[in-house]
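Just so you know, these numbers come straight off a predicted model, no measurement behind them.
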Amino acid sequence: MKILFIGDIVGSVGRAAVKKVLPALKTKYNPHIIIANAENSAAGRGITAAIAKELFDAGVHGITMGNHTWDNRDLFEWIDDEPRLVRPANFPPGAPGQGAALIKANGKSLAIINLQGRTFLPPIDCPFRMADELIDEMRSKTNHILVDFHAEATSEKIAMGWHLDGRASLVVGTHTHVQTNDDRILPEGTAYLTDVGMVGPRDGVLGMERTAVLRKFLTQLPTRFVVDEGDWHFHAVLVETDEATGRATSILKIRQTEETLMFF
């Protein structure tokens, strides 16, 4: 089974990149299930129903979120009716939406779990204990499980990878928007990558217009950040798993830029 996970999609530039790159990736790698983090897809902050539909129409089968989940109030109107979208499962009890889902496509089934870290982020419920609870629940439905750990600290992400080794097919990090170079298959068969990277403006700062970010660092004055324009880059990871066991057999980082797409 081939699983394609697309890193944080940032703004309209990121969404345009998905629509341009995904057809080529599908032709080359033929993934069975495609998941994307879209918590920055609406002008860098949250998601809307229209954008979710845009991504599903482009070929994405499931969407994960993160700390910007609630930035668009539009989400409250439809999150409980969209089974293909998950938000961090360790948000406090009573939050709308779901933290795990079973995604089915092309004759395959994949459980997706979304968690948020607590280091340098709000002190919400424990992601490790929530991971244990949801892994046990989802393994009764499928042995193919993807965990998107939306976290700031590299140490916390690595710890989660080891915590779930042998229990999840892949553990991928999101949130920091820079693709890391530590892709590996852990000893018990879990594919791991600290951060998948982002899809969006290449010449900004993590997708934001760089002049405003520089002004903030230089002056420490309140500054409004907006998504940058211009050329994009696209980051994802492709994991292949054993059909019977759900253990990862290969992991491949994907990196494309607008300039190199013509040579793909």
Query raised in the report: Have Asp148 and Thr174 got a donor and an acceptor in their side chains that come within less than 3.5 Å?
Result: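 The criterion, which ignores hydrogens and geometry beyond distance, is satisfied for Thr174 and Asp148.
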Report task. Using only heavy-atom distances, determine whether the side chains of Thr194 and Asp182 contain a donor-acceptor pair under 3.5 Å. Result ->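 The answer is yes; a qualifying pair exists.
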With a 4.5 Å limit on heavy-atom distance, are the side chains of [X] and [Y] in contact?
X: Val227; Y: Ser12; value: no
X: Leu164; Y: Phe149; value: no
X: Glu259; Y: Arg202; value: yes
X: Thr180; Y: Lys157; value: no
X: Thr69; Y: Pro88; value: yes

For the side chain of [X] and the backbone of [Y], is there at least one donor-acceptor N/O pair under 3.5 Å apart?
X: Thr249; Y: Glu240; answer: yes
X: Lys141; Y: Leu102; answer: no
X: Asn90; Y: Asp125; answer: yes
X: Arg87; Y: Ala95; answer: yes

Under the rule for salt bridge (charged side-chain N to carboxylate O under 4.0 Å, His left out), what residues qualify as partners of [X], not counting sequence neighbours?
X: Asp183; result: Lys253
X: Arg15; result: Glu54
X: Glu243; result: Lys108
X: Arg118; result: none

**Report entry** Partners meeting side chain to side chain donor-acceptor pair (under 3.5 Å) with Asp81 (sequence neighbours left out)
**Finding:**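 Asp81: no side chain to side chain donor-acceptor pair (under 3.5 Å) contacts found.
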Report task. Please say whether more than 12 non-hydrogen atoms of neighbouring residues, nucleotides or ligands are located less than 6.0 Å from CZ in Arg184. Result ->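 Buried by this count: over 12 neighbours within 6.0 Å.
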What ring-ring contact (aromatic ring centres under 6.0 Å, His included) pairs are there with at least one residue in [range], not counting sequence neighbours?
range: residues 198-233; answer: His233-His235
range: residues 174-209; answer: His150-His175
range: residues 91-123; answer: Trp70-Phe91

**Report entry** Hydrophobic cluster partners of Ile3 (side-chain heavy atoms under 4.5 Å)
**Finding:**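 Its cluster mates, by chain and number, are Met1, Phe5, Ile33, Ile35, Val86, Ile103, Leu110, Ile112, Leu146, Leu170, Val172, Ile185, Leu193, Val196, Val237, Val239, Ile251.
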Query raised in the report: Linking Ile, Leu, Val, Met, Phe, Trp and Tyr through side-chain heavy atoms less than 4.5 Å apart, which residues share a cluster with Val226?
Result: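 ILVMFWY cluster around Val226 holds nothing else.
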Requested in this report: Scan for side chain to side chain donor-acceptor pair (under 3.5 Å) pairs involving residues 211-228, sequence neighbours excluded, and state none if there are none.
Outcome: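 Non-adjacent pairs meeting side chain to side chain donor-acceptor pair (under 3.5 Å): Glu209-Thr211.
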Query raised in the report: Can you pull the side chain to side chain donor-acceptor pair (under 3.5 Å) pairs that have at least one residue in residues 127-136, sequence neighbours excluded?
Result: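 Checked against side chain to side chain donor-acceptor pair (under 3.5 Å) - neighbours excluded - the pairs reaching residues 127-136 are Asp132-His163, Asp132-Arg167.
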